[in-house]
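Just so we're on the same page: letters track the sequence lines, and every chain starts at 1.
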Number of protein chains: 2
Amino acid sequence: MANPKSMKKMILRSIRTTLLEGGSSTKAELSDKLGISFPTVSKFLADMEKDGEIISLGLDESSGGRRAKRYTYNPEYMLGLAIFLEKSETNYTIFNCFGEIKKQGKVSSVLKEDGLHLLTTHIEEIITANPKIRSMAIGVPGAVDRGRIFHIPGYEQFKDLDLKGYYENYFSIPVAVENDMNAAVLGYYHTRKRKDQSLVYLYSGQNGPGAGIMINGTVVRGSMFFSGEVQFVPQYNERNFQEALMNGSGTRNETISEKYEIDAIGRLVASFVAIINPHTFIFCQDEVNEATMDKIKENSSTYIPAEHLPAFQVGDWKQDYLFGLQNLCLEVMVDKISNLS
Amino acid sequence: MANPKSMKKMILRSIRTTLLEGGSSTKAELSDKLGISFPTVSKFLADMEKDGEIISLGLDESSGGRRAKRYTYNPEYMLGLAIFLEKSETNYTIFNCFGEIKKQGKVSSVLKEDGLHLLTTHIEEIITANPKIRSMAIGVPGAVDRGRIFHIPGYEQFKDLDLKGYYENYFSIPVAVENDMNAAVLGYYHTRKRKDQSLVYLYSGQNGPGAGIMINGTVVRGSMFFSGEVQFVPQYNERNFQEALMNGSGTRNETISEKYEIDAIGRLVASFVAIINPHTFIFCQDEVNEATMDKIKENSSTYIPAEHLPAFQVGDWKQDYLFGLQNLCLEVMVDKISNLS
DNA sequence: ATAACTTATTAAACGTCTTTAATAAGTTCT
DNA sequence: AGAACTTATTAAAGACGTTTAATAAGTTAT
């Protein structure tokens, strides 16, 4: 699409994102940065200010002439709702456009019989109590294809459900639905400034290891939404990654420390480097510590030239997951909502 | 950017691509498909016809009313130049907008001392002889970062050279520079209709195997342009992919047939599936035949659930490489050239 | 053959963004 | 304090795409 309407949308979106990301701006700065003429920026900002979407911060120090007016986004103008569907419970968070958490709550898990209906009721209550909510993001422990739950082991009643479509229709607000690992890697991605990077977020949880992967700024889903199922990577004559981590026993340690674990992960890192050569490799902070990470790094470098190894980082999974959902929320907010006449 | 100028560009680009991809169109079809109003399409087409960029094909059969005029792109309006820098020789191809080859030639390799100067002279001659050339793409056996040759083993005099910038400045036409494997996977991608897919193009050449990887429609380059260096993937207790293919001897067979080769490749496929889960896996036609491919497929499925295996295809590497460069050429043509007032 | 009906194209009026010029506000130098 | 100079903002004119209405071209039925 290339017409005046889409142009208006693009302008509004670009102003919103720069204001939200940059903190504050003057009209001239926006005009300059976005390649939009001053009068146009002026008109949009006037409308947005009248609507309460932006707030004047007063005048800048003079740079030799008339002082410029500075504007900032009003974070309370719209709120977002993030919902985490988990096995044992369902958490939700209400936050403003700056990502500041306004309210947090927990209800019993909706991943059970008649869970959809239950979830709908909960959301209804939350939205009625917080009418400023303009979008929501739902994280689910399963594969998601454009808002449709594609595969969700253990909770078959949610399978093939177009959750996004259903709730967008029901609540008339934009909705994002995303897999938990993908949301986490997305969240981590957005907390860093460097964009367009490739990330791998590894967690070696109890029910099999998994990885969230991001390349060139987009989440990798795979043809069958099977990407990141690293447990199947063949690593030794007779063992794949999963088997190597198990080391013959039926269970797994919570934290990683044993030599066989280090070598398995080291090999996995090497495989990732040889295949996609990511910028950063993220481990979960409750699974590895700094010392282990150093050992893994050393181990990987026996398989692959050390200069090509990624940066090793620890991430707070829970936190990144929340950030990811928040970001999805904000994205659809910035993109879809238009209160301008 | 969001302003009238960028809009004009977008409109022109979208008309060009649909005309080139779809073969031919009427004004109404374009207006409909692109979401651009009829009068605007009309105006653009009028300009383009006057300029010789499009040609009228006469009138459609009537669908009950006045017959619509049908237009097609004039393939000879612009030509593209693809140049392949190889160890032993330098090939070039001149083709029109439909990808039809107009001329082909070969000169001695420029990958040697003072090669840049030599290449420049060659290009100068070609362009003078074919003044309709409006863009060029250069394929190089090395890592390329936004037109700059980043790493090119064996030809150090080309290292850190911004070939794209240099020639764009010198010849005043848009230039694309791309790694050979990446160009091949891009070429394969564009020969298929299904878009937004993930592909892996594997070749197990003499000087170590390599893979071109495409995910979500973009080429994967990696943080250090090291992606696809699959030789380093650890596969057995004591062997990585490269060593497994060698099987202890110092050399490699041209075609793949031995059991140890099948298992190594089967494991590599499994690793790819577990990590990025691609739609399609492409082998070079001179390296594997159908029977071998079936064996590999069977072998992979011992490591990973068969339903997640990608489609297996054979590709003509040389051909796909050419297509890739052609596509890069066409892309910059469609994107950058604007002969409209 | 002509009237009634479809569909394609052209023309005029309107909205939106940009460019350019004019005005307002602030700073610095004398 | 006032003139000269910067810089921000507003206003008017111009460019471009869309919408809506009018016209041209073709088909079908009587």
To the nearest Å, give me how far apart CG (A:L45) and C1' (D:dT9) are. 12 Å

Just to be sure I understand the rule, does A:S42 reach a base, reach only the sugar-phosphate, or reach nothing, if contact means heavy atoms closer than 4.0 Å? sugar-phosphate

Comparing B:R67 with B:P39, nearest DNA chain D nucleotide closer to 5' gives the residue B:P39

Main chain of B:E53, side chain of B:D51: is a donor-acceptor contact present, judged purely on distance under 3.5 Å? no

Looking at B:E331 and B:K336, is there a salt bridge between them, counting it only when a charged N and a carboxylate O are closer than 4.0 Å? no

Within the pair B:T40 and D:dG17, is there a side-chain N or O less than 4.0 Å away from OP1 or OP2? no

A:L30 atom CG is separated from D:dT9 atom P, nearest whole Å, by 11 Å

Just how far, in rounded Å, is P of C:dA24 from CG of A:L59? 18 Å

Atom NZ of A:K69 and atom P of C:dG26: how far apart are they, to the nearest Å? 12 Å

When the nearest nucleotide of DNA chain D is assigned to A:P4 and to A:A28 on a heavy-atom basis, which residue is associated with the more 5' position? A:A28

d(CE, A:M10; C1', C:dC17) in whole Å: 13 Å

If the plane angle is over 60° it's perpendicular, under 30° parallel, otherwise tilted; pick one for B:Y167 and B:F171. tilted

Side chain of B:F44 - closest among C:dT9, C:dT18, D:dG17: D:dG17

Rounded to whole Å, please give me the gap between CZ in B:R66 and P in C:dT10. 7 Å

May I have the distance from B:K27 (atom NZ) to C:dT7 (atom P), rounded to whole angstrom? 18 Å

Classify the angle between the aromatic ring planes of B:Y73 and B:Y77 as parallel (below 30°), tilted (30 to 60°) or perpendicular (above 60°). perpendicular

Whole-Å distance, A:D32 CG to D:dA8 P, equals 10 Å

Just to confirm, is there a sub-4.0 Å distance from OP1 or OP2 of D:dC16 to any side-chain nitrogen or oxygen of B:K8? yes

Test salt bridge (Lys or Arg N to Asp or Glu O under 4.0 Å) on B:E178 and B:R146 and set out the steps. CA-CA 8 Å; B:E178 183 56 283; B:R146 283 161 297 177; over 6 Å; no

Nearest-nucleotide wise, let me know which of A:G65 and A:M7 is further upstream toward the 5' end of DNA chain C. A:M7

Closer to the 5' end of DNA chain C via nearest nucleotide, is it A:E61 or A:K43? A:K43

